[in-house]
**Student:** 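To start, I am sharing the structure in question, which I have written as structure tokens.
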Amino acid sequence: MLILGIESSCDETAAAVVRDGREILSNVVVSQIDIFAEYGGVIPEVAARSHLEAVLPVIDKALTDARCTWDDIDAIAVTHAPGLLGSLLIGTLTARTLAILHDKPLYAVHHLKSHVYANWLSSKDVQDETYPCFPILALVVSGGHTQILYMKAHNQFEIIGTTHDDAVGECFDKVAKILGLPYPGGPAIAKAGKDGDANKYKLPHPKMEGLDFSFSGLKTAVLRAVQKEVGVSISYPSHKLKELLKPQQIADFAASFQKTAVDILVEKMRSALIQYPDAKSVVIAGGVSANQELRNAFPDAFFPEPKYSGDNGAMVAAACYYEVQSGVKPTDPYKLNIYPRISIEN
Ligand code: KG4
Ligand code: ZN
């Protein structure tokens with residue numbers, strides 16, 4: 001089954017053609033990072049306009065790269081939730097129109113499901129049959145979400161842990177801003193931290209019940225530690241701190257923060273494995289899963305290839321394939337709705 005996957009929930013316009021949820025025939029991602037690096041974050045209206053410009057050329061390229069015509073495509077899958085309203089609208093309206101025009105079944109996919117299913121993709125050896133085994137504990141770490149999911153079988157997701165405030169990716173982005181590092185903060189912190197001492201600054205772990213997370217306190221703890229280090233009061237404007245920080249201090253803060261964030265994720269997954277001893281595989285997904293320290297901390301877990309950790313169309317096609325296998329029916333292209341905030345359990 002050849003599925004065209006379309007993704008536009010945040011600041012990447014992406015499309016891909018995937019065979020049977022596994023074999024990537026093409027994967028085209030146009031990122032708006034260059035636009036938003038200047039502003040230090042995503043501006044939703046600007047993101048929507050950029051999607052509008054990019055979406056049709058990106059889909060065309062995905063078909064061309066895969067050496068496909070519309071006749072070869074069996075279904076269209078598109079992200080309809082959660083994400084930025086304007087961004088989701090562009091992707092879904094495009095997918096709906098193309099489904100009607102080319103008379104293809106249309107499937108609406110939840111963004112976090114797609115991230116998880118990036119672990120079933122392979123751009124290398126499609127004969128390599130190492131798949132995660134059920135039951136699965138999935139840790140989804142992105143810019144908008146931090147959740148632990150229990151998967152009994154394909155397309156069955158139970159949220160067993162979630163963040164009460166910021167997502168871990170969001171925390172990387174905010175800490176990067178404090179340190180004067182560019183957006184997106186995750187890769188910038190990883191790079192800056194390479195020359196840093198991860199044990200230089202002791203940062204607190206939040207005291208959260210059960211398998212839940214909180215990351216806003218960690219961001220504030222970094223802010224206070226930086227203020228203390230450079231000798232200013234807590235009312236000192238945070239956007240000016242970067243002018244007072246020396247390169248070595250930035251490296252040490254980046255490394256110490258990254259270590260703390262990874263340690264928190266490790267601790268919670270350890271508790272999750274104790275609570276769910278039947279789990280056979282651990283799967284990590286979402287933009288933050290590109291992080292090398294996180295990868296080192298989970299040597300036995302499944303990770304997507306780093307280029308499929310962030311937003312892409314291939315993972316949407318993979319998730320769709322397993323929805324179809326689980327008996328999910330196509331959606332009416334005239335009626336498909338978007339849901340900027342809906343949970344994966346719905
Ligand atoms: O999944 P994603 O591409 O978009 C959302 O669904 O949110 O995740 C983006 C997040 C950003 O917060 C970004 O800073 C973070 O993933 N990220 C990383 C790394 N690469 C991207 N965080 C830590 N280390 C990385 N190497
Ligand atoms: Zn994402």
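The figures that follow rest on heavy atoms only: side chains count, while hydrogens, waters and symmetry mates do not. Order of listing sets the numbers, starting from 1, for every ligand and every atom in it.
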**Student:** Just which atoms of ligand 1 are under 4.0 Å from any heavy atom in Gly185?
**Tutor:** 14 (O)

**Student:** List ligand 1 atoms under 4.0 Å from Gly310, heavy atoms only on the residue side.
**Tutor:** 3 (O)

**Student:** Among protein heavy atoms, which lies nearest atom 2 (P) of ligand 1, and at what distance?
**Tutor:** Asp311 OD1, 3.5 Å

**Student:** Between Gly169 and ligand 1, does any nitrogen or oxygen pair lie at a separation below 3.5 Å?
**Tutor:** yes

**Student:** So among Val28, Ile24, Asn27, which one has a side chain to side chain contact (heavy atoms under 4.5 Å, CB included) with Asn312?
**Tutor:** Asn27

**Student:** Restricting to N, O or S, what is the name of the atom of His115 that lies nearest the Zn ion (ligand 2)?
**Tutor:** NE2

**Student:** Answer yes or no as to whether an N/O/S atom of His145 is found below 2.8 Å from the Zn ion (ligand 2).
**Tutor:** no

**Student:** Hey, is the main chain of Ala62 close enough, under 3.5 Å, to the side chain of Ser26 for a donor-acceptor pair?
**Tutor:** yes

**Student:** In terms of residue, atom name and distance, what is the protein heavy atom nearest to atom 17 (N) of ligand 1?
**Tutor:** Gly287 O, 3.6 Å

**Student:** So what does the His111 NE2 - the Zn ion (ligand 2) - Asp311 OD1 angle come to, to 10°?
**Tutor:** 100°

**Student:** Could you tell me the residue and atom name of the protein heavy atom closest to atom 15 (C) of ligand 1, and the distance to it rounded to 0.1 Å?
**Tutor:** Val288 CG2, 3.9 Å

**Student:** Return the residue, atom name and 0.1 Å-rounded distance of the protein heavy atom closest to atom 14 (O) of ligand 1.
**Tutor:** Asp173 OD1, 2.7 Å

**Student:** Looking at CD1 of Ile342 and NE2 of His111, how far apart are the two atoms once the value is rounded to the nearest 0.5 Å?
**Tutor:** 15.0 Å

**Student:** Could you tell me the residue and atom name of the protein heavy atom closest to atom 7 (O) of ligand 1, and the distance to it rounded to 0.1 Å?
**Tutor:** Gly143 N, 2.8 Å

**Student:** Heavy atom of Gly144 under 4.0 Å from ligand 1?
**Tutor:** yes

**Student:** Tell me: protein heavy atom nearest atom 22 (N) of ligand 1, and distance?
**Tutor:** Gly186 CA, 3.2 Å

**Student:** Rounded to the nearest 0.5 Å, how far apart are CD1 of Ile234 and CG of Leu223?
**Tutor:** 9.0 Å

**Student:** Tell me if the aromatic rings of Phe257 and Tyr201 count as close, with their centers under 6.0 Å from one another.
**Tutor:** no

**Student:** Relative to the heavy atoms of His111, which atoms of ligand 1 are at a distance of less than 4.0 Å?
**Tutor:** 6 (O)

**Student:** Minimum heavy-atom separation for Ala16 to Gly313, with atom names?
**Tutor:** CB-C, 3.6 Å

**Student:** Quick one: do the Ser309 and Ser289 side chains pair a donor with an acceptor below 3.5 Å?
**Tutor:** yes

**Student:** I'd like to know whether ligand 1 has His115 as a neighbour, heavy-atom separation below 4.0 Å.
**Tutor:** yes

**Student:** Taking the ring of Tyr117 and the ring of His154, is the distance between their centroids below 6.0 Å?
**Tutor:** yes

**Student:** Under 6.0 Å between ring centres: does that hold for His164 and Phe213?
**Tutor:** no

**Student:** Starting from atom 24 (N) of ligand 1, which protein heavy atom do you reach first, and at what distance in Å?
**Tutor:** Asn291 ND2, 3.0 Å

**Student:** Have Asn346 and His110 got a donor and an acceptor in their side chains that come within less than 3.5 Å?
**Tutor:** no

